[in-house]
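Read through the structure below, which is laid out as C-alpha cells, and then see the notes.
Every number for a ligand or one of its atoms is a count from 1 in the order of the listing.
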Amino acid sequence: VAKSDKQNRFHVYSPTMDETLRLRHTISLELDRALSENQLKLVYQPLVCARTGKVMSAEALMRWPGKEGQAGSPGIFIPIAEETGLISRLGEWALDQAMLEIKRQRTIPIAVNVSPIQFRVDGFADSVEAALERHGVDPSLLHIEITEGVLISHTDEAQRTMKRLRDMGVLVMLDDFGTGYSSLSYLQQFEFDGLKIDRAFIQQLEFGPTGRQLLKSIIALGHSLNMKVVAEGVETEDQAAILQLLSCDFLQGYALGRPDAADKLHSVTRPSELLGSTLRTAGWGRA
Ligand code: C2E
Ligand code: MG
Ligand code: MG
Ligand code: MG
C-alpha cells in the first residue's frame, strides 16, 4: 500500500528488498516441491561436429514444466536455487537423470551443467565417482560444464576437484567463455578439455570483420592449449559456415537443433550442404 510518508515515496513502484526476497523464497519453495514431486525434466541439445554435422554429444538443460513466466526459465530459477541452497539437490538430481540417459543411449556423451556452489562442495568429485559406479557408466560419456565463477575463489579446491574428475576420465568444459573475469589467467591454472565460446561472440559475427578476427583468435587459443572448441548459440547457417572455416570443432545452437526430448537427439537435420562433407569427424578424445 502506497503511503504518503516521504520515506516510502520512492519504493512505491518497485519491489522492496523484502518483497524481492520473499518472491525468491516462494519460488525456491515451489521449485523444491516440483523436485520432490518429480515435475522437473531435462531436455537435450545436440553439439555437432562442425565439419560433418554429426551429433557428437548433447547438453542437458533443466526445465520446469508448468511454471509460468520468467521464473520457469533456468536462467532465473538456477540462481535462486543457488542462493537458497536448493542447488545441491537439484544438481544431484540432474547428474542422476543424465546418467540414466547415458545408460539408455550409450553412444554419445552427455554434458551436465554444474553450479559453482555444487562444484565447490567438499566431496563433489566423490559423489560423481559414486554415481558413475552406481550406474555403471563409462566416465568418458560424462562431460561437466562449469563457468568461470567456479574458479574465482577457492582456487586450490577447484583445481583438486578438476584434477580428480579428469583423472577419472570425465571431460570438463569451460562454459560461457569470454563473459567472465580474467578468463585467460584461468586457462593457465586449469586444464580444461573444452572451451565453449559464449554466444555473445557468435552474434558478433554479423557485425563485420572484427568479430570474426576475435573468434579466430579464441579458437586458435583453445587449440594451442589442447582444448576442443565449441561455439554456443549458433543460430544461422552463415554463422555455422564461418565457424567451420575458422576451424571450430563443435557447433551448438538453434541452427543445429533446439533443446528437446532425448529421443529427438538423433533426428537433427544438418544446417547446410557445407556440413556433411567427407571430412573427418572431430572427436572428443584427449590429445
Ligand atoms: P548454458 O549452460 O550456457 O546453456 C546454453 C543456453 O543457451 C541454454 O539456455 C540454451 O537453451 C540456450 N541456447 C542454445 N542454443 C541457443 C541459440 O541458438 N540461441 C539462443 N538465444 N540461445 C540458445 P537455458 O536452457 O535457458 O539455460 C540457461 C542457463 O541455465 C544455462 O546456460 C546454464 O547456465 C543454466 N542451467 C540450465 N540447466 C542447468 C542445470 O541442470 N544445472 C545448472 N547448474 N545450471 C543449468
Ligand atoms: Mg552449459
Ligand atoms: Mg553456455
Ligand atoms: Mg550460461
> Passes salt bridge (charged side-chain N to carboxylate O under 4.0 Å, His left out), R164 versus E129? Steps please.
Replying inline: CA-CA 9 Å; R164 285 230 21 228; E129 187 166 41; 2.9 Å; yes
> Does V234 approach ligand 1 within less than 4.0 angstrom via side chain, backbone, both or neither, non-hydrogen atoms only?
Replying inline: backbone
> Backbone or side chain, does E232 get an N/O/S atom under 2.8 Å to the Mg ion (ligand 3)?
Replying inline: yes
>> So if I count the atoms of ligand 1 from 1 in the order they appear, which ones are less than 4.0 Å from some heavy atom of G233?
In response: 16 (C), 17 (C), 18 (O)
> For L61, what are the other residues in its hydrophobic cluster, where any two members join if their side-chain heavy atoms are less than 4.5 angstrom apart?
Replying inline: V43
> Which option, I146, D176, D198, I202, owns the non-hydrogen atom nearest atom 3 (O) of ligand 1?
Replying inline: D176
> Going from CG on L215 to CG on L221, what distance comes out if it is rounded to the nearest 0.5 angstrom?
Replying inline: 12.0 Å
> Does any N or O atom in M62 lie less than 3.5 angstrom from one in ligand 1, N or O only?
Replying inline: yes
>> I need the contact type for E232 against ligand 1. Using non-hydrogen atoms and a strict under-4.0 Å cut-off, is it side chain, backbone, both or neither?
In response: side chain
> Considering Y254, F77, W93, which one's heavy-atom position lies nearest to atom 23 (C) of ligand 1?
Replying inline: Y254
> So, is R63 polar-close to ligand 1, with some N/O to N/O distance under 3.5 Å?
Replying inline: yes
> Using 30° and 60° as the class limits, which term best fits the ring planes of W284 and H143: parallel, tilted or perpendicular?
Replying inline: perpendicular
> Which N, O or S atom name in D176 marks its closest approach to the Mg ion (ligand 3)?
Replying inline: OD1
> Of the options I146, N226, L225, which is the one that meets F192 in a side-chain contact (heavy atoms from CB on, under 4.5 Å)?
Replying inline: I146
> So which bit of I78 gets within less than 4.0 Å of ligand 1, heavy atoms only: side chain, backbone, both or neither?
Replying inline: side chain
> At a 4.0 Å cut-off, with the gap strictly under it, does some heavy atom of E59 reach an atom of ligand 1?
Replying inline: yes
>> Salt bridge check, D193 against R166: does any charged N sit closer than 4.0 Å to a carboxylate O?
In response: yes
>> If I take every N, O or S atom of E145, is at least one of them less than 2.8 Å from the Mg ion (ligand 3)?
In response: no
> With a 3.5 Å cut-off and no angle check, do the side chains of S140 and D138 form a donor-acceptor pair?
Replying inline: yes
> Without hydrogens or angle criteria, can the side chains of K67 and Q39 be said to hold a donor-acceptor pair below 3.5 Å?
Replying inline: no
Name every donor-acceptor pair, under 3.5 Å, that has one atom in a side chain of residues 87-103 and the other anywhere in the protein, sequence neighbours excluded.
from : atom 1 : to   : atom 2 : distance (Å)
R89  : NH1    : D32  : OD1    : 3.0
R89  : NH2    : D32  : OD1    : 3.3
D96  : OD1    : R134 : NH2    : 3.0
D96  : OD1    : H135 : NE2    : 2.9
E101 : OE1    : R104 : NE     : 3.0
E101 : OE1    : R104 : NH2    : 2.9
E101 : OE2    : Q105 : NE2    : 3.3
K103 : NZ     : H135 : ND1    : 3.4

> Taking 4.0 angstrom as the limit, do K163 and D167 come out as a salt bridge?
Replying inline: yes
> Numbering the atoms of ligand 1 from 1, which are under 4.0 Å from a heavy atom of E235?
Replying inline: 17 (C), 18 (O), 19 (N), 20 (C), 21 (N)
>> Just verifying a value: how many Å separate K196 NZ and M227 CE, rounded to the nearest 0.5 Å?
In response: 14.0 Å
>> Please work out, at 4.0 Å between heavy atoms, whether the side chain, the backbone, both, or neither of L90 comes within that distance of ligand 1.
In response: neither
>> Looking only at side-chain N and O atoms, does D260 offer a donor or acceptor that is under 3.5 Å from a partner on Q45?
In response: no
> Just which atoms of ligand 1 are under 4.0 Å from any heavy atom in P259?
Replying inline: 11 (O)
> Taking distance alone, with no angle check, do Q45 and ligand 1 share an N/O pair under 3.5 Å?
Replying inline: yes
>> When you measure from the heavy atoms of G91 to every atom of ligand 1, does any distance fall below 4.0 Å?
In response: no
>> Going by side-chain contact (heavy atoms from CB on, under 4.5 Å), E232 matches just one of L251, L47, D175, I197. Which one?
In response: D175
> In E59, what N, O or S atom is nearest to the Mg ion (ligand 2), if we give its atom name?
Replying inline: OE2
>> For R199, which part has a heavy atom under 4.0 Å from ligand 1: side chain, backbone, both, or neither?
In response: side chain
>> Between M173 and the Mg ion (ligand 2), is there a contact where an N/O/S atom of the residue lies under 2.8 Å from the metal?
In response: no
>> Report the atom name of the nearest N/O/S atom of D175 relative to the Mg ion (ligand 2).
In response: OD2
